[in-house]
Amino acid sequence: MNKKTYALLMIVALTLTGCAKTTLKDDAALYTINGTSTSKQDFYTSMKSGDDGTVIINAARKDILSTLEVDETKVQVLIDENIKGIEDIFGENLLPYIQSFGFVDLEDFIAKQVRPSVIIEIKAREALDASVDTLVKDYAIKDIQFIQSSDKASIESIKAAFEAGTKLSDITLDDSMKFNEGIVSKSTEMQIKELAKYVSSDQAIGLSEVIYDEESNIYFIVDNRLLEDEETIINSVLNNENYINNYSATLFKELGFKVYDKDLLAKMKLSFPDYVN
């Protein structure tokens, strides 16, 4: 939600708080500022023109999440973990930071942002638990290690040690070399073109050939293995933004989410194509 839309919604919320409980017609004044009235239809048109569908998605997500059965104890534990992690990062600047995005206070942030995210994570994890056997293949999740150097002779010496059975992480490096490792999947972006093809591969391979990237003028030796530990696999997929978005979109479709305003639907097909038909 952009700041202008949020400000408009806040004005309406504050105005309604002080008004009589009356059901207004679409062309009746919803609120008045400096003698100028805004009707329900004006407000809806204004909101729609400044929204790419985010307001609708957030409102629908709230309704969808309310239908899901979750362990509230688990939800609270994860909320506490998330808040602790955020507080460690922002410290005393946390409140002004979240308020800059329109949240009133920490409780408002938890209710509107953290709790929905936690519930999605819990339900997504449950779905992953049931399909862990296919995850490695589908997402090409791998534990990748590589040593790089601009000196080909240095990498050739590493190759000999690697082929003799020494792990790359156990090899002593000189100042010209650098060791890297991490969990990667098909969606991981690699700046080095020659490494990118190994990241996207779904083959279980430990490579001993020397890889040369012409653009960076760097030589690599790579150990590239598919993961076996289920918990690491699941956590890797949950850290994949594409998976979480796809899972969330699936929930919307399964529960029959439809948008009937043709103008808003047209914008949502661009902004949220996976959520609308």
Side-chain angles (χ1 to χ4, degrees), residues 78 81-82 84-91 93 97 117 121 124-125 127-248 274:
L78 289 176
E81 289 179 357
N82 274 268
K84 176 64 167 58
I86 296 171
E87 287 176 336
D88 288 345
I89 295 172
F90 292 99
N93 295 319
Y97 177 75
S117 297
E121 178 184 340
R125 180 177 288 275
L128 290 174
D129 283 337
S131 60
V132 68
D133 291 340
T134 64
L135 291 178
V136 173
K137 184 74 172 180
D138 291 346
Y139 289 89
I141 306 168
K142 293 180 291 297
D143 180 4
I144 187 171
Q145 298 181 347
F146 61 89
I147 294 175
Q148 65 185 66
S149 174
S150 58
D151 180 35
K152 183 177 181 180
S154 296
I155 293 297
E156 291 286 1
S157 67
I158 297 297
K159 173 184 176 181
F162 181 58
E163 291 180 333
T166 304
K167 295 181 180 179
L168 292 185
S169 56
D170 293 336
I171 295 176
T172 301
L173 307 181
D174 61 35
D175 292 339
S176 72
M177 304 176 189
K178 183 179 180 180
F179 173 78
N180 296 275
E181 66 177 333
I183 306 299
V184 298
S185 67
K186 285 183 177 179
S187 64
T188 303
E189 295 184 3
M190 300 292 287
Q191 294 181 340
I192 306 300
K193 182 175 65 176
E194 289 300 315
L195 286 179
K197 62 183 179 183
Y198 296 107
V199 167
S200 62
S201 170
D202 58 6
Q203 300 301 309
I205 45 178
L207 302 172
S208 61
E209 71 262 27
V210 172
I211 303 169
Y212 175 65
D213 184 73
E214 186 173 355
E215 291 183 1
S216 60
N217 191 33
I218 294 177
Y219 296 89
F220 299 87
I221 183 74
V222 181
D223 188 7
N224 179 30
R225 304 178 186 278
L226 295 182
L227 287 180
E228 297 179 357
D229 179 70
E230 290 189 3
E231 186 65 18
T232 304
I233 292 169
I234 290 174
N235 287 336
S236 176
V237 176
L238 287 175
N239 287 330
N240 185 317
E241 185 177 345
N242 290 334
Y243 175 81
I244 295 297
N245 182 66
N246 290 340
Y247 179 77
S248 181
D274 297 330

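Note that the coordinates shown come from a computational prediction; the quantities given were computed from them, not determined experimentally.
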Inset, instruction - Could you list the residues that satisfy side chain to side chain donor-acceptor pair (under 3.5 Å) with Glu181, not counting sequence neighbours? - result: Gln145
Legend entry - From Leu78 atom CG to Glu121 atom CD, the distance as rounded to the nearest 0.5 Å: 5.5 Å
Legend entry - From NZ (Lys159) to CD1 (Ile171), nearest 0.5 Å: 13.0 Å
Inset, instruction - Identify, with sequence neighbours excluded, every residue that meets side-chain contact (heavy atoms from CB on, under 4.5 Å) alongside Ala127. - result: Tyr243, Tyr247
Legend entry - CA sep, side-chain torsions, deciding dist, call: Asn217, Tyr212, side chain to side chain contact (heavy atoms under 4.5 Å, CB included): CA-CA 7 Å; Asn217 191 33; Tyr212 175 65; 2.8 Å; yes
Legend entry - salt bridge (Lys or Arg N to Asp or Glu O under 4.0 Å) involving Glu214 - partner list, sequence neighbours excluded: none
Inset, instruction - Please answer whether the main-chain N or O of Ser176 pairs with a side-chain N or O of Ser149 as donor and acceptor at a distance below 3.5 Å. - result: yes
Inset, instruction - Working to the nearest 0.5 Å, report the span between CZ of Phe146 and CG of Leu168. - result: 10.5 Å
Inset, instruction - Please name all residues satisfying side-chain contact (heavy atoms from CB on, under 4.5 Å) with Ser117, sequence neighbours left out, ordered by chain then number. - result: Gln113
Inset, instruction - Could I get the full list of side-chain contact (heavy atoms from CB on, under 4.5 Å) partners for Asp213, not counting sequence neighbours? - result: Ile192, Lys193, Glu194, Glu215, Ser216, Phe220
Inset, instruction - Could I get the full list of side-chain contact (heavy atoms from CB on, under 4.5 Å) partners for Ile244, not counting sequence neighbours? - result: Ile120, Ala124, Leu238
Legend entry - All side chain to side chain donor-acceptor pair (under 3.5 Å) counterparts of Asp129, not counting sequence neighbours: none
Legend entry - Straight-line distance of Ile147 CD1 to Leu173 CG, nearest 0.5 Å: 4.5 Å
Legend entry - All ring pair (Phe, Tyr, Trp, His ring centres under 6.0 Å) counterparts of Tyr97, not counting sequence neighbours: Phe90, Phe101
Inset, instruction - Please tell me if the side chains of Asn235 and Arg125 come closer than 4.5 Å, counting only heavy atoms from C-beta onward. - result: yes
Inset, instruction - Only counting residues at least two apart or in another chain, list the ones meeting side chain to side chain donor-acceptor pair (under 3.5 Å) with Asp175. - result: none
Legend entry - Gap between atom CG of Asp151 and atom CG of Asp174 - 0.5 Å precision: 7.5 Å
Inset, instruction - Please name all residues satisfying side chain to side chain donor-acceptor pair (under 3.5 Å) with Lys84, sequence neighbours left out, ordered by chain then number. - result: Asp88
